[in-house]
Amino acid sequence: MTINLGYACINTTINCTSNKTFRLNSYSEERLKKTIEENLNCLDKIIEWNYKNEIKFFRIGSGLIPFASHEICKFNWQDFYKKEFKKIGNKIKKYKIRVSMHPDQFVVLNSPTESIVEKSITEIEYHCDVLDLLGMRSDGKITLHVGGMYGNKEEAIERFISNYNKLSKRIKERIIVENDDKMYTIGDCLYINERCGIPVVFDYFHHLCNPVKRINYEEIINTWKKKDGNPIFHYSDQLEGGRKGSHSHSINVKEFKKFEKEIKKYNVDLMLEVKDKELSVLKVKDV
DNA sequence: TCACGTCAAGCAGAT
DNA sequence: ATCTGCTTGACGTGA
C-alpha cells in the first residue's frame with residue numbers, strides 16, 4: 001500500500017502563481033483574459049514540476065478563474081479556453097496526477113439564508129466546470145466543510161443533508177465533506193455520510209483540534225466508492241507558539257512519521273497543508 | 001522599489 | 001463592536 005502525497009494551490013519553488021487575481025474595481029474582459037492565461041500557463045508549469053519531482057497529488061487553487069461565479073462575469077471562459085484546459089488535463093492524466101479543489105470559506109451549503117446557499121452552489125459549479133474542462137473523472141474531488149452552526153447543530157446538519165440531496169448529479173459526483181477544527185467532527189461527517197452518501201475526508205490536524213473518542217479508519221475509508229478514487233486525508237502540524245488550529249510553517253518529520261505508520265496499510269492520497277507546500281512533500285517523501 | 005491599506009463572498013470565537 | 005483565521009496573500013496606490 002502506498003501513500004500518495006500532495007500539496008495545496010501554490011508551488012513556492014516555481015516563480016509563478018496560478019491564483020493571480022485583480023480588484024473587482026478594475027474588472028474588464030481584457031484583464032480577465034490576461035489573468036486567466038497567466039494562471040493556466042502557471043498551472044501547466046506546476047503540473048510539469050510535479051511530474052518531474054514525482055508528486056502525484058495537487059490541489060488546484062480556487063482563484064484559477066477570478067470572479068468566475070460573480071455576476072459581473074459574462075465572459076464564456078469555458079468555451080474560450082476549452083483547448084487550453086484539455087491540454088493541461090491530458091498532461092495531468094498522462095502523468096497520473098490526482099487533482100482536487102477546495103472552495104473558500106464563503107461556500108456554505110447549510111446556511112439558513114437561501115441566497116447564500118444559491119451563491120455557494122454557483123461557486124461549486126465553477127469548480128466542477130474546471131474539473132470537467134480538464135477532463136477529470138469522478139475521482140477529481142471538491143472538498144467542502146459542513147458549514148455553520150447557527151446555534152442549532154442538529155438543524156444545521158439536517159439542512160446540509162437536505163440541500164445536498166437537492167444538488168445536481170454532476171456536483172454530487174464531485175463533492176466530499178471534511179471535518180473542521182472547531183464545529184463538525186469526523187463523527188458528524190460520518191453521520192452525514194450515512195444519511196446521504198457523501199464521501200468523508202479525514203483531516204488529522206482538525207481531528208486533534210476537534211476530536212471524537214475513537215477513530216476508525218476503515219469506517220472513513222468505506223465512505224469512498226471505487227469511482228471516487230483513493231480516499232483523501234489531510235495532514236498538518238500545529239504551529240509552535242501559534243493559536244490552536246494554526247498550520248505549521250513546515251512539516252514535523254517525526255510527527256508525520258507517527259501518523260504515516262497508522263495509515264500506511266491503506267491506499268490514501270494525503271494532502272499536506274503547510275505553508276512551505278511542495279518543500280514539505282519532498283522532505284517526507286521516501287524518507 | 002517598497003510599504004501598507006485593502007480586497008466578492010460567511011461564520012464563529014477571541015479580543 | 002471589531003478583529004482574526006480559514007486551503008492560499010496579492011493588488012494597487014502612493015511615497
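Each chain gets a letter, A, B and so on, in the order its sequence line appears, and its residues count up from 1.
For Asp180(A), the salt bridge (Lys or Arg N to Asp or Glu O under 4.0 Å) criterion is met by no residue, not counting sequence neighbours. Under the rule for a ring-ring contact (aromatic ring centres under 6.0 Å, His included), Tyr191(A) has no partner lying at least two apart in sequence or in another chain. Residues passing the side chain to side chain contact (heavy atoms under 4.5 Å, CB included) test with Glu125(A), sequence neighbours excluded: Ile121(A), Arg170(A), Ile171(A). Looking at residues two or more places apart in sequence or on another chain, you find a ring-ring contact (aromatic ring centres under 6.0 Å, His included) between Phe256(A) and Tyr235(A). Take Thr13(A) and apply the side chain to side chain contact (heavy atoms under 4.5 Å, CB included) test, not counting sequence neighbours, and it matches Asn11(A), Trp49(A), Glu278(A), Leu279(A). Qualifying ring-ring contact (aromatic ring centres under 6.0 Å, His included) partners for His102(A), counting only residues two or more places apart in sequence or in other chains: His145(A).
Residue-level contact check: Met101(A) touches neither bases nor backbone, having no heavy atom under 4.0 Å from any strand. Here Ser120(A) lies out of heavy-atom contact (under 4.0 Å) with every strand.
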Distances under 3.5 Å only, N/O to N/O: pair up the protein atoms with those of nucleotides 6-9 of chain C.
unit_1	atom_1	unit_2	atom_2	d
dC6(C)	OP1	Gly245(A)	O	3.3
dC6(C)	N3	Gln105(A)	NE2	3.2
dC6(C)	N4	Gln105(A)	NE2	3.3
dT7(C)	OP1	His145(A)	NE2	3.4
dT7(C)	OP2	His206(A)	NE2	3.1
dT7(C)	O4'	Arg59(A)	NH1	3.3
dT7(C)	O4	Asp104(A)	N	3.4
dT7(C)	O4	Gln105(A)	N	3.3
dT7(C)	O4	Gln105(A)	OE1	3.1

For nucleotides 13-15 of chain C, list the nitrogen or oxygen atoms of the protein found under 3.5 Å from its nitrogen or oxygen atoms, one pair per line.
none

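dT4(C) sits 15 Å from dG9(C) when the C1' atoms are compared, rounded to a whole Å. Nucleotides dC6(C) and dC2(B) are separated by 28 Å at their P atoms, to the nearest Å. Nucleotides dG12(C) and dT7(C) have their C1' atoms positioned 25 Å apart, rounded to a whole Å.
In the region residues 149-161 of chain A, proximity to DNA chain B at under 4.0 angstrom, judged on heavy atoms, holds for Met149(A), Tyr150(A). Near DNA chain C, defined here as any heavy-atom distance below 4.0 Å, the residues from residues 25-46 of chain A are Ser26(A), Arg31(A), listed numerically.
Screening Tyr27(A), Phe80(A), Phe67(A) for a ring-ring contact (aromatic ring centres under 6.0 Å, His included) with Phe75(A), the sole residue that qualifies is Phe80(A).
Across the protein-nucleic acid pair, Glu118(A) atom CD and dA9(B) atom P stand 17 Å apart, rounded to whole Å.
Enclosure of atom NZ in Lys94(A) is not indicated, since only 12 or fewer non-hydrogen atoms of other residues, nucleotides or ligands lie within 6.0 angstrom.
Here the side chain of Arg159(A) pairs a donor or acceptor atom with the backbone of Asn110(A) at under 3.5 angstrom.
Listed pair Lys119(A) / dA8(B) fails the phosphate criterion, with no side-chain N or O lying under 4.0 Å from OP1 or OP2.
Taking the six-membered ring for Trp and the full ring otherwise, Phe202(A) and Tyr217(A) have centroids separated by under 6.0 Å.
Cation-pi geometry between Lys91(A) and Tyr51(A) is not met: the NZ or CZ atom fails to fall both under 6.0 Å from the ring centre and inside 45° of the normal.
Other cluster members for Val108(A): Ile116(A), Tyr150(A), joined by side-chain heavy-atom distances under 4.5 Å among Ile, Leu, Val, Met, Phe, Trp and Tyr.
The strand DNA chain B forms stems, runs of 3 or more Watson-Crick or G-U wobble pairs with distances below 3.5 Å, at B:1-7 with C:9-15, B:10-15 with C:1-6.
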